[in-house]
Amino acid sequence: MVETTTRPNCAQITASDAARPVIEDQLDAALTGSSPRLASDIGREYAKACAEYYGADNRKYEEPGSVSDEEYDILDKKQADLYDEILNTPPTIESPADILVELMVCISDMRNSMGPAGLDLTDAMNNTGRLVRLLGLSAGIFGQDLDSLGADAFCVTPGETPDWVPYYEEYLVELAIEKKHAFRLTPQGLVEIYAQQGQGDAALLQKLDAIKPDTLRSVVQEMIITRGPAFGIPTRVEDLARREWWLSARAVKTPMRDTGPLRVIWADNHIDAELLQVCKDFCRVEKAWQDAINALAWDEGDEEINATIGVERDELAARLQKIPAKTEAGLKAKAAAYDVFMNGSWDVMLPEDSPEIERPLLATLIRDLVRKTAGAA
């Protein structure tokens, strides 16, 4: 992500450019049959559903027994589902009525997110993006040129990446927490991102990866300090050093249970990036080699396998041994590679006749672990 200290030049956009996403969405919908509904259609249904629900709610308390709990719950769910549909699935915008409904949704959501400290950051950012999208669609509907109306001056050009927006990094971290991710600040000041198995948001993680590591670390540190008084956390960044801290929806110093690492973001643009890739490749090739060997009949030789997969495995093992691990992620990757090689049953006490690959792999893992522990890595 490129940091900016002044307002950036917004991309130019014409009325035809603004209308193009609408046309493309309609073509895609026609081909896939998955078109979002018109905002005005959902709005009219929502108005009717709310009227029915509020009517039942009044009768329930003014005329006990006139509305069953089952009927009441059905009406409640109906209006709630419609609101969820229009709030979380950007609807199709084709007419002034659609525009009005979309504006009402944004106002309603912003009003619901108001609190003593102001607007909720994630809601405010989401609604800002929604309004900018609506701006572009409206320009196409009314045949207006946004640039001539001041889009560049206001810096609200549809389709522009929002990474220059104030608090954008905080917004991404807040959004990740809302989606049940957790951030671990290591004693060395590095940031790891965790989530329960299978629940990581790939698109969101990609955006977090684009943030400069130093910036992300500063954001996480400040958020830990801001939320920390209730948990006895220091109020200065320097006092967070040499200890482990967690930032999640539930707490800021207690690790989430049943979680696994999704991304590890380190200083200097992923120090161990090459090592992590080599370890990943080695695990893949090693598993393929083991599967091929296990598939052989008892009387078949392994010469062909060793001449192909075996050669690639040996080359990756040699590279793995030469690249020192400088982060916890690198150490974990080397340990995982060794574990795959030993098929989960390795022992640090090696016999003299250990395979040629096994001894160097374990040696490089132990060497890096000792160096890292001693702070020399």
Side-chain angles (χ1 to χ4, degrees), residues 1-15 17-22 25 36 39-40 42-43 46 83-94 96 98-142 144-179 181 201 203-212 215-216 219 222-223 226:
M1 182 187 72
V2 178
E3 293 181 333
T4 57
T5 55
T6 59
R7 186 190 63 77
N9 291 324
C10 298
Q12 306 299 309
I13 187 168
T14 64
D17 292 329
R20 188 172 294 111
V22 180
D25 288 346
S40 55
I42 304 175
Y46 182 60
Y83 188 78
D84 183 73
E85 177 186 356
I86 198 166
L87 182 65
N88 298 310
T89 305
T92 298
I93 306 295
E94 295 181 353
D98 297 322
I99 295 172
L100 293 174
V101 170
E102 184 74 343
L103 286 172
M104 288 190 288
V105 172
C106 291
I107 294 172
S108 173
D109 192 46
M110 286 191 290
R111 182 183 58 202
N112 292 338
S113 71
M114 288 180 182
L119 288 174
D120 179 84
L121 180 59
T122 55
D123 280 342
M125 195 70 75
N126 289 335
N127 280 308
T128 298
R130 190 166 188 147
L131 288 169
V132 171
R133 169 182 177 265
L134 179 63
L135 183 67
L137 297 175
S138 301
I141 291 172
F142 295 114
Q144 297 296 316
D145 177 23
L146 291 179
D147 183 52
S148 66
L149 296 174
D152 182 64
F154 291 118
C155 210
V156 290
T157 303
E160 186 178 54
T161 56
D163 57 3
W164 61 269
V165 176
Y167 309 112
Y168 177 70
E169 293 84 1
E170 291 91 329
Y171 156 68
L172 290 181
V173 174
E174 290 276 14
L175 186 60
I177 292 172
E178 284 189 9
K179 294 188 175 185
H181 296 68
D201 188 315
L204 178 57
L205 290 168
Q206 187 174 11
K207 293 178 182 177
L208 288 165
D209 278 345
I211 300 175
K212 286 186 175 181
T215 302
L216 181 65
V219 169
E222 290 297 331
M223 290 178 68
T226 300

Exercise. Taking C-beta and beyond as the side chain, do F142 and I99 meet within less than 4.5 Å on heavy atoms?
Worked result: yes

Seminar exercise, completed: Sorted by chain and number, sequence neighbours left out, side-chain hydrogen bond (donor to acceptor under 3.5 Å, both in side chains) with Y46 holds for none

Exercise. Do the non-hydrogen side-chain atoms of F154 and L149 ever get within less than 4.5 Å of each other?
Worked result: no

For this session: List the atom of L216, the atom of I211, and the distance in Å for their closest heavy-atom pair.
Result: N-CG2, 3.8 Å

Problem set entry | Note, I177 side chain near M223 side chain (heavy atom, < 4.5 Å) | yes

Seminar exercise, completed: Closest non-hydrogen atoms of L205 and H181, given as atom of the first, atom of the second and distance, are CD2-CD2, 4.3 Å

Exercise. Minimum heavy-atom separation for A39 to I86, with atom names?
Worked result: O-CD1, 4.0 Å

Problem set entry | I141 side, atom CD1; L134 side, atom CG - distance, nearest 0.5 Å | 8.0 Å

For this session: Identify the two heavy atoms, one from Y168 and one from K207, that lie closest to each other, and give their separation to 0.1 Å.
Result: OH-CD, 4.0 Å

Exercise. Does a side-chain heavy-atom distance below 4.5 Å link V101 with I42?
Worked result: no

Exercise. Where do R133 and E102 land on the side-chain contact (heavy atoms from CB on, under 4.5 Å) test, with the steps shown first?
Worked result: CA-CA 10 Å; R133 169 182 177 265; E102 184 74 343; 3.9 Å; yes

Please list, one pair per line, the donor and acceptor atoms closer than 3.5 Å that link side chains of residues 103-111 to other protein atoms, with sequence neighbours excluded.
residue: S108; atom: OG; partner: Y83; partner atom: OH; Å: 3.2
residue: D109; atom: OD2; partner: N127; partner atom: ND2; Å: 2.9

Exercise. After noting the C-alpha distance and the side-chain angles of L87 and R130, does the key distance pass the side-chain contact (heavy atoms from CB on, under 4.5 Å) rule?
Worked result: CA-CA 10 Å; L87 182 65; R130 190 166 188 147; 4.1 Å; yes

For this session: Go through the structure and list residues passing salt bridge (charged side-chain N to carboxylate O under 4.0 Å, His left out) with E178, not counting sequence neighbours.
Result: none

For this session: Using a 4.5 Å cut-off on heavy atoms from C-beta on, say whether the side chain of L175 contacts that of M125.
Result: no

